Engineer: 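Okay, handing you the structure first.
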Protein chains: 2
Amino acid sequence: MLDETDRKILNVLSKDAKASLKQIGDACFLSSAGVHLRLKKLEEQGIITGSKYILDHSKMGYQTQSFIGVYFDRANIYRKVSKALYAIPEVIECSYTTGNFSLLIKVLCRDNKHLTEILSNQIQTIEGIARTETFICLEQTFQREIELN
Amino acid sequence: MLDETDRKILNVLSKDAKASLKQIGDACFLSSAGVHLRLKKLEEQGIITGSKYILDHSKMGYQTQSFIGVYFDRANIYRKVSKALYAIPEVIECSYTTGNFSLLIKVLCRDNKHLTEILSNQIQTIEGIARTETFICLEQTFQREIELN
DNA sequence: ACTGAAAGTGTACAGTG
DNA sequence: CACTGTACACTTTCAGT
C-alpha cells in the first residue's frame, strides 16, 4: 500500500508542509513532478487529509491548556454531549475513551480565569455531564508526528 | 500585537497550509506579496512555528490511539522520565499536568497488541514511573484549531 | 508597510518507457 | 501505469513608493 518512497515523502511533509518538492525528489531519486503525482494519489486515498500551520498559542494570548475528563450521568448521550462540546470553540479536541472517563477533552483558554468560566458556565451546564476532572498543563513537554518505517 | 488582518490570515492557514496567498490577499484586501510579508513577520515573532501535513493514521495501519496517565514514584524525576518517553517513537505527545497524574501522554500504536507491548516493555520499565492508567480512544470525535477573533 | 514586476517553485499534462 | 520534461500558475524576493 505505502512503499518506501511514500513513507519518505510523508515523513518529511508531516513535519514540514513547506518542504520543496525538489528537495524531497532529490532524496527519493524522483523528479518534483513525480513527487507531486504521488502526493495527489495519497490525497485521493485519504491518507493525506489536509495541512496546517502550527501556531504558538501562548504567544497569541492562550496560556492555559488543559485536559478535562468528562463523566456522563446516563447512557446513550455521547453524540449529544459531543455536539454540545463542539459548539464551544475553546474545546479543541474530544475523544471517546475507555477507562474512568467517558470523554477526554483538550481545552485551550487565555488564562485560568477564562478556563474557570468555560468550565462552570459552558461545560458543566451541558445536559448529560455528571462531573468533570481537570488536568492543567504546566508544560507541554513535546508533541510530534509518528515516524513511518 | 495581532491586528485583524493577521488573525484572518492565521485562521485560514492554521486549517489549510496550502491556501493560496492570492485567495487570502483577496479576502484581506492585500496583495499576495503583502500577505507573504506579514507571514514572514509572524514567523520571526515565533507565532508561526511550522507547518505540517495532516495524515490519517488509521489508514497507515495505526489504529489504536490512547491517552496514558503516568504516576511518578519520587520527586524531581520529570526531566528524566520525559526524556525516556521521548525516546519511544509511539509516544507522540507528553504534558506535565496538575491533578492525579504527573504526566498525561498520547500514544499511537498499530493495534492493542502493539500498545500492550509498548506499555509493558517500554513505558512501565522507565525508572521513576510508579504506575500508569490507560484510556484507549474508541473514537476521536474531533480535533481542531482555536478560532482567533 | 505595501505594491509591481522579476526570479524561483508548484502544478498540470502530453508524451515516453 | 508510474514517471519525465515542459509550459503555465503561483509563491517569493526585492527595488521602489
Side-chain angles (χ1 to χ4, degrees), chain A residues 1-62 110 143-149, chain B residues 1-62 110 143-149:
Chain A
M1 186 174 173
L2 287 182
D3 68 5
E4 209 195 311
T5 307
D6 288 328
R7 284 195 295 272
K8 264 189 191 171
I9 295 170
L10 292 176
N11 274 335
V12 174
L13 288 172
S14 68
K15 281 162 212 146
D16 178 15
K18 294 288 168 195
S20 90
L21 298 183
K22 198 165 166 286
Q23 243 176 304
I24 300 169
D26 289 350
C28 302
F29 308 101
L30 219 77
S31 70
S32 54
V35 178
H36 183 250
L37 223 66
R38 274 168 181 266
L39 283 175
K40 246 183 74 181
K41 234 167 276 170
L42 289 165
E43 268 169 49
E44 277 161 21
Q45 291 175 258
I47 289 173
I48 294 170
T49 58
S51 62
K52 63 176 202 178
Y53 271 66
I54 304 160
L55 308 182
D56 184 326
H57 297 124
S58 73
K59 285 203 174 132
M60 300 186 311
Y62 286 83
R110 283 179 219 287
Q143 177 162 29
R144 63 179 167 189
E145 274 302 314
I146 194 90
E147 189 80 23
L148 304 173
N149 47 36
Chain B
M1 188 172 170
L2 287 181
D3 68 6
E4 210 194 311
T5 307
D6 288 329
R7 283 195 295 270
K8 264 190 192 169
I9 294 171
L10 291 176
N11 274 335
V12 174
L13 288 172
S14 67
K15 282 162 210 147
D16 177 16
K18 293 289 169 195
S20 93
L21 298 182
K22 200 163 164 284
Q23 246 175 299
I24 299 169
D26 289 350
C28 303
F29 308 101
L30 218 77
S31 70
S32 54
V35 177
H36 184 251
L37 222 65
R38 274 168 181 265
L39 283 175
K40 246 182 75 182
K41 236 168 275 170
L42 289 164
E43 268 169 49
E44 277 162 21
Q45 291 175 258
I47 288 173
I48 294 170
T49 58
S51 62
K52 63 175 201 180
Y53 271 66
I54 303 160
L55 308 181
D56 184 326
H57 297 124
S58 73
K59 286 203 174 132
M60 300 187 308
Y62 286 82
R110 284 178 219 288
Q143 177 161 29
R144 63 180 168 190
E145 274 302 314
I146 194 89
E147 190 81 21
L148 304 174
N149 47 35

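Note that this is a predicted model, so its numbers are computed, not measured. The sequence lines fix the lettering, A, B, ..., with proteins before strands; numbering per chain opens at 1.
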Engineer: Hey, are the side chains of A:Asp6 and A:Ile47 touching, using non-hydrogen atoms and a 4.5 Å cut-off?
Structural biologist: no

Engineer: If I take atom CG from residue A:Leu39 and atom OH from residue B:Tyr53, how far apart are they, to the nearest 0.5 angstrom?
Structural biologist: 5.0 Å

Engineer: Quick one: are B:Ile48 and B:Leu13 in side-chain contact, heavy atoms under 4.5 Å?
Structural biologist: no

Engineer: Taking A:Asn11 for the side chain and A:Leu148 for the main chain, is one N or O donor matched with an acceptor at less than 3.5 Å?
Structural biologist: yes

Engineer: For DNA chain D, which ranges pair as stems of 3 or more consecutive Watson-Crick or G-U pairs, with both donor-acceptor distances under 3.5 Å?
Structural biologist: C:1-17 with D:1-17

Engineer: Work out which heavy atom in B:Val35 is nearest to a heavy atom in B:Gly25; give both atom names and the distance.
Structural biologist: CG2-CA, 3.5 Å

Engineer: I'd like to know whether B:Gln45 forms a side-chain contact (heavy atoms from CB on, under 4.5 Å) with A:Lys59, so could you lay out the CA-CA distance, the side-chain angles of the two residues, the decisive distance to 0.1 Å, and finally the verdict.
Structural biologist: CA-CA 9 Å; B:Gln45 291 175 258; A:Lys59 285 203 174 132; 5.9 Å; no

Engineer: Heavy-atom count around A:Lys22 NZ within 6.0 Å, excluding the residue itself: above 12?
Structural biologist: no

Engineer: Which pair of heavy atoms, one from A:Tyr62 and one from B:Glu147, lies closest together, and at what distance?
Structural biologist: OH-O, 4.3 Å

Engineer: Give the B/S/- string for nucleotides 8-17 of chain D, one per nucleotide from 5' to 3', where a protein heavy atom under 4.0 Å of the base yields B, of only the sugar-phosphate yields S, and otherwise -.
Structural biologist: --SSBB----

Engineer: Could you give the start and end, 5' to 3', of the contact zone on DNA chain C for chain B, using atoms under 4.0 Å from its heavy atoms?
Structural biologist: C:dA1 to C:dG4

Engineer: Could you go through the side-chain contact (heavy atoms from CB on, under 4.5 Å) check for A:Met60 and B:Leu10 one step at a time?
Structural biologist: CA-CA 11 Å; A:Met60 300 186 311; B:Leu10 291 176; 4.1 Å; yes

Engineer: Can you tell me if the side-chain N/O atoms of A:Lys41 get under 4.0 Å from OP1 or OP2 in D:dC1?
Structural biologist: no

Engineer: Say you draw a straight line from OG of A:Ser51 to CD1 of B:Ile54; how long is it, rounded to the nearest 0.5 Å?
Structural biologist: 6.5 Å

